[in-house]
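Below is one structure, written out as C-alpha cells, with a few remarks after it.
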Amino acid sequence: MQKIGVLTSGGDSPGMNAAIRAVVRSGLYFGLEVVGIKNGFQGLIKGDIEVMNSRSVADIIQRGGTILKTARCEEFKTEEGFKKALNVIKIFGIEGIVVIGGDGSFNGAEKLSKAGIATMGLPGTIDNDLAYTDYTIGFNTAVNTVLYAIGNIRDTSSSHDRANIIEVMGRRCGDIALYAGLAGGAESIIIPELNFSIDEVCKKILQGKSRGKLQSIIILAEGVVENARSLEKEIEEKTGIETKLTILGHIQRGGSPTAFDRLLASRMGGKAIELLMQKKSGRALGIKGNKIIDMDISEAIAMKKELNNEIYELARILST
Ligand code: ADP
Ligand code: F6P
C-alpha cells in the first residue's frame, strides 16, 4: 500500500475534521501518500482530489464541519457513475480509501471494497443510527448542543410557566432525543421506535404542574409526528398550559466537537490506517465498551439498530 484517499460523505458531523486529521497524519507517519477527495463520492467521479500533507490538517481538530466538504451524490449509485469513480481511482493510483459518513456512505464504501479497493468506513453522523457501534462521531457533540438548548429554554420557560416541545434531529433514530432527554431531565421523550400517547404527555405536564414544576420539557424526535405545530396546539388545548415549539434543526450539526468526539474520531482514524497497513479491506470501525473495534462492513450495515430500553425506562422513571 502506497497511496490512500480520504473522503467525507452524507450529512456532516462534528468530529469529521478530527477524523480526517488522524487519517492524514497516521498515514503520513507510516509512509503513505495521502490525498483528500472533495465532496464525498462526487469528488471521486470528478477527480476533485488534492494531495494532503501534515499542514493541510493543521488547526482543524477543534472545528466542526469538514474541510473536505461533503455531498450526497446520486450518480455514484449508478453503474455508470461508479465506473467513472473506479477509473479516477485508477488514474490517481489510489489503493485504499477511508470513507467517513453514515449508513448510506457505508453502502458506497462496501461497493468500493467489493471492486477491489481497500476500504475503511468511519461512522460520521450525529444520528447514532449504526447498530454495530456504541457511538458514531458527532453524536456526543449533537447531544451536548441539545442540552445547551434545553438549558436556555428552561430559563425562559420557567419565567412564563410554559411547556416546551423541542424537536431534535436523528432521521429514523431516536438516540439524540433519548440521550438528551435523559441528560436534560425531560418530562416526555417522543421517539420513532415507540408509539406515544398525547394524553400521556399531557398527563405528565399536568402532574408536574400540580407538584409545583415551573415548566415541562418534551423532546420530540423529528419525523414522529407529521406536524409539530399541530402537536403544540393540541397539548396547549388539552392542558390549558401555554406550549412553545422549538425546532433545533441544523444547529445540531455544527459546533466544535466535544472531547469525546475528538478522541473517538482520532482513535478510529488511527485504527483505519493500522488496518490498511495490514492489507485489510471492507472494515467498519466502531467503539464497544471503550475499545475501538472493526468488523466486516456488510455485516455492520446489515445490523438492525435497537432502542436502548434501559435508558428510555430510566428517563421515564426519573421524570415522574
Ligand atoms: P449518510 O452517509 O449520512 O447516511 P446518505 O444516505 O445520503 O448519507 O448517503 C451518502 C452518499 O453515499 C450518497 O449520496 C451516495 O453517494 C452514497 N450511497 C448511498 N447509498 C449507496 C448505495 N447503495 N450504493 C452506492 N453509494 C451509495
Ligand atoms: O443524518 C444527519 C441528519 O442531520 C439527520 O439527522 C437529518 O434528518 C438530516 O441529516 C438532514 O439532512 P439535510 O442536512 O440534508 O437537511
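One-based numbering, in listed order, for ligands and for the atoms of each. As a basis for the values below, the full set of heavy atoms in this structure was taken, side chains included, without hydrogen atoms, waters or symmetry mates. Counting begins at 1 with the first residue of the sequence.
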For atom 23 (N) of ligand 1, the option (of Thr78, Asn107, Leu44) bearing the nearest heavy atom:
Asn107
Taking atom 8 (O) of ligand 2 as the point of reference, which of Arg172, Glu222, His250 owns the nearest heavy atom?
Glu222
What residue and atom, counting heavy atoms only, is the protein's closest point to atom 11 (C) of ligand 2, and at what distance?
Arg253 NH1, 3.6 Å
If you measure from each non-hydrogen atom of Gln42 to ligand 1, which part falls under 4.0 Å: side chain, backbone, both or neither?
neither
Structural part of Gln252 in contact with ligand 2, heavy atom criterion under 4.0 angstrom
neither
Asp103 to ligand 1: N or O pair under 3.5 Å?
yes
Applying a heavy-atom cut-off of 4.0 Å, say which part of Glu75 lies close to ligand 1: side chain, backbone, both or neither.
neither
Begin from the C-alpha positions of Gln62 and Ser256 and carry the test side-chain hydrogen bond (donor to acceptor under 3.5 Å, both in side chains) through to its verdict.
CA-CA 5 Å; Gln62 77 284 10; Ser256 181; over 6 Å; no
Test side-chain hydrogen bond (donor to acceptor under 3.5 Å, both in side chains) applied to Thr70 and Asp12, step by step
CA-CA 7 Å; Thr70 181; Asp12 64 352; over 6 Å; no
Is any N or O atom of Phe41, backbone or side chain, closer than 3.5 Å to an N or O atom of ligand 1?
no
Test of proximity, Arg72 against ligand 1: N or O pairs below 3.5 Å:
yes
Identify whether the distance between the nearest side-chain nitrogen and carboxylate oxygen of Lys244 and Glu232 falls below 4.0 Å.
no
Under 3.5 Å between any N/O of Ala71 and any N/O of ligand 1: does that happen in this structure?
no
Does Asp294 pair with Arg283 as a salt bridge, N-O distance under 4.0 Å?
yes
I'd like to know if Gly170 contacts ligand 2, where contact means a heavy-atom distance under 4.0 Å to any ligand atom.
yes
Just go through Gly10, Ala85, Gly124, Ser105 and tell me whose heavy atom is the nearest to atom 2 (O) of ligand 1.
Ser105
Would you kindly check if the NZ (Lys) or CZ (Arg) of Lys111 is within the cone defined by 45 degrees around the ring axis of Phe82 and under 6.0 Å from the six-membered ring centre?
yes
